[in-house]
Amino acid sequence: MNQHHSHNSSFQHQRQTSKRWRDDREQNDRGHKSSKANHHRPEASARQTPPSAQALSARRELYERHFPLYKQPVEVGSFSLDSRRRFFNDSRQMRYYAKPEKSPHFDLNDGYRDRYIKRDENVKEKLDHILRWILANRPKLTQKADASSSSKRRQARLLARRALDVDFVTWRGHLTKLLTTPYETREGWLLAVTRFKGTLYISEVETDAARRDRENRTGRHQEMMYWGYKFEQYMCTDKTDGSPDPSGVVDTNEAFCTVVQTRLSDHRLLFSGEVDCRDKGPDAPAPPACYVELKTSAEICTPKRRSNFHRFKLLKWWAQSFLPGVPRVVAGFRDDDGVVVSVETFHISEISRLVKAEDQCWKPTVCMNFCSDFLSFVKRVVTQDDPHVVHLFCWNPRCDVTYSVHSGDSYTFLPDWYVKEMS
């Protein structure tokens, strides 16, 4: 993987990246109407509502403050998962972006019946792959000794209490759900949190509603899920000098993941997220700025569709890519038969300006402030340092975030092999 580039292009990239971070601090001054009431019942395990002082509101107006500090994410590593979901501490599954023709005609149904290997969604991997990466790369994450310290013994005790020099470890997808929470009107979430050796680990628990939806997907829904993976096959190559090969097998077990460190307000974050591909040119910037996110969406043929695209889809695209510092999304717009008829690039730094003209639209500052406040809430609540104690945070649309405490039961998610090695 070629990560080197000239001094000039590096300087240019730094200017563009700084501009991107400034641009996404701009607020969208359009107002919001309240979302429709949602009648999903809270999960049974978290139904006992604590006192109001022990809950966190998700009302949008509470988070319309200045954009919080968000440091430019830095990639500290990456890993790959093969067709059997085996972990490799390398970039063997990295793919490269291949710019398509101006008028593509990609049939996203091709191979669905005979060349599709689907990952088993009943297997809950939790944080296991990130934890394997941590064990393989611990020197990158531990506090460095201070040569000027007058007490090495005191410092040794501090390091023993805190195994990693980060406050939170999680998946990018879990943070994306937090960012979009103030604007979510349909799907709730459950996040399990454990404090271990001074670091808070956040892992998602599938809600009953999400499990029912997954088990009752229609054939059409499953086929449309395949379309996204097939689009990636049309847009990616395995080698820098190769061409896309849409005749191959689509295997959703395989993945390449970046691991990034950053800081949101006073929260030091380490998280990982799957990456679709990267630029392959010799002048491509270093990760994560070289990464490209690939998406598909229905053709926009009416003003109503365009408004919904801006209000809902672009919110999730923005949140998913802004968090790890991925600068652009390349979207394939398809007809109702699953044929891509156009491809468009969306720069993350421009998305917030693009949606400003929409009534009832979302604001990046609300998303980031809610996420920051949620992490502060977690820090206040989860004080017991024990891998067998889990705080389960529950949120449903139109409700506050509440929590329940569980000890030594099925919600425990840090595996024994990780606890033993870190201890």
Side-chain angles (χ1 to χ4, degrees), residues 1-5 73-100 111 115-121 123-141 169-173 226 228-261 270-295 320-321 323-330 415 417-418 421:
M1 193 184 307
N2 185 359
Q3 296 176 359
H4 299 286
H5 48 294
V74 175
E75 182 177 83
V76 291
S78 59
F79 60 87
S80 297
L81 304 175
D82 71 0
S83 58
R84 291 161 57 187
R85 299 297 283 181
R86 292 180 302 181
F87 171 91
F88 293 91
N89 188 34
D90 56 37
S91 58
R92 67 183 64 189
Q93 294 291 350
M94 169 56 72
R95 296 178 299 176
Y96 300 89
Y97 174 65
K99 190 174 181 178
R115 303 194 312 279
Y116 180 27
I117 301 173
K118 186 180 175 186
R119 183 166 75 87
D120 186 354
E121 293 180 282
V123 177
K124 303 304 177 187
E125 296 170 330
K126 302 173 183 177
L127 297 184
D128 287 9
H129 297 309
I130 305 174
L131 302 181
R132 289 190 175 93
W133 182 89
I134 288 173
L135 292 183
N137 296 273
R138 280 182 72 181
K140 297 180 180 180
L141 303 171
V169 171
T170 190
W171 282 107
R172 181 262 311 273
Y226 170 79
Y229 294 109
K230 185 65 182 181
F231 179 63
E232 294 174 18
Q233 196 178 56
Y234 280 109
M235 301 288 287
C236 297
T237 69
D238 293 332
K239 298 177 181 177
T240 54
D241 58 350
S243 298
D245 179 17
S247 67
V249 172
V250 170
D251 188 344
T252 61
N253 289 288
E254 298 175 342
F256 170 80
C257 297
T258 181
V259 183
V260 301
Q261 266 189 290
L270 176 78
F271 59 87
S272 178
E274 190 169 341
V275 172
D276 292 330
C277 57
R278 62 157 291 161
D279 282 322
K280 58 183 177 180
D283 295 329
C290 63
Y291 293 142
V292 180
E293 185 72 30
L294 301 174
K295 297 290 186 184
Q320 187 181 37
S321 293
L323 280 165
V326 175
R328 72 188 199 271
V329 174
V330 176
W417 50 262
Y418 180 77
E421 186 69 26

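All heavy atoms count here, side chains included; hydrogens, waters and symmetry mates do not.
The pair E293-K295 meets the salt-bridge criterion, with a side-chain N (NZ, NE, NH1 or NH2) lying under 4.0 Å from an Asp/Glu carboxylate O. A salt bridge is absent between R172 and E274; no separation between the charged side-chain nitrogens and carboxylate oxygens falls under 4.0 Å. At a threshold of 4.0 Å, the pair R85-E125 counts as salt-bridged, since one of the basic side-chain nitrogens sits closer than that to a carboxylate oxygen. Between D82 and R84, no side-chain nitrogen of the basic residue sits less than 4.0 Å from a carboxylate oxygen of the acidic one, so the salt-bridge criterion is not met.
Using a 4.5 Å heavy-atom threshold, the side chains of I134 and L270 count as touching. A heavy-atom distance below 4.5 Å is not found between the side chains of D276 and V292. A 4.5 Å side-chain heavy-atom check between V260 and V74 finds every atom pair outside the cut-off. A 4.5 Å side-chain heavy-atom check between W133 and V76 finds at least one atom pair inside the cut-off. Side-chain contact between P415 and L131 is present, with at least one heavy-atom pair separated by less than 4.5 Å. Between N89 and N137, the closest side-chain pair of non-hydrogen atoms falls below 4.5 Å. Annotation: side chain of F271 is not in contact with side chain of W171 (no heavy-atom distance under 4.5 Å).
Distance OG/S78 to CZ/R278: 10.5 Å, rounded to 0.5 Å. Between S80 atom OG and H129 atom NE2 the span is 11.5 Å, to the nearest 0.5 Å.
When ring centroids are compared, Y226 and Y116 come within the 6.0 Å threshold.
In this structure, K230 satisfies the cation-pi test against Y234, with its NZ or CZ atom closer than 6.0 Å to the six-membered ring centre and inside 45 degrees of the ring normal. R328 forms no cation-pi arrangement with Y291, by the criterion of a distance under 6.0 Å to the ring centre and an angle within 45° of the ring axis.
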- prompt: Passes ring pair (Phe, Tyr, Trp, His ring centres under 6.0 Å), F87 versus F79? Steps please.
  reply: CA-CA 7 Å; F87 171 91; F79 60 87; 5.3 Å; yes
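Residues P324 and S321 approach most closely at CD-O, 3.1 Å, considering heavy atoms.
For K99, the NZ atom is loosely surrounded, since the number of other residues' heavy atoms within 6.0 Å does not exceed 12.
Side-chain atoms of T237 do not come within 3.5 Å of backbone N or O of P244 as any donor-acceptor pair.
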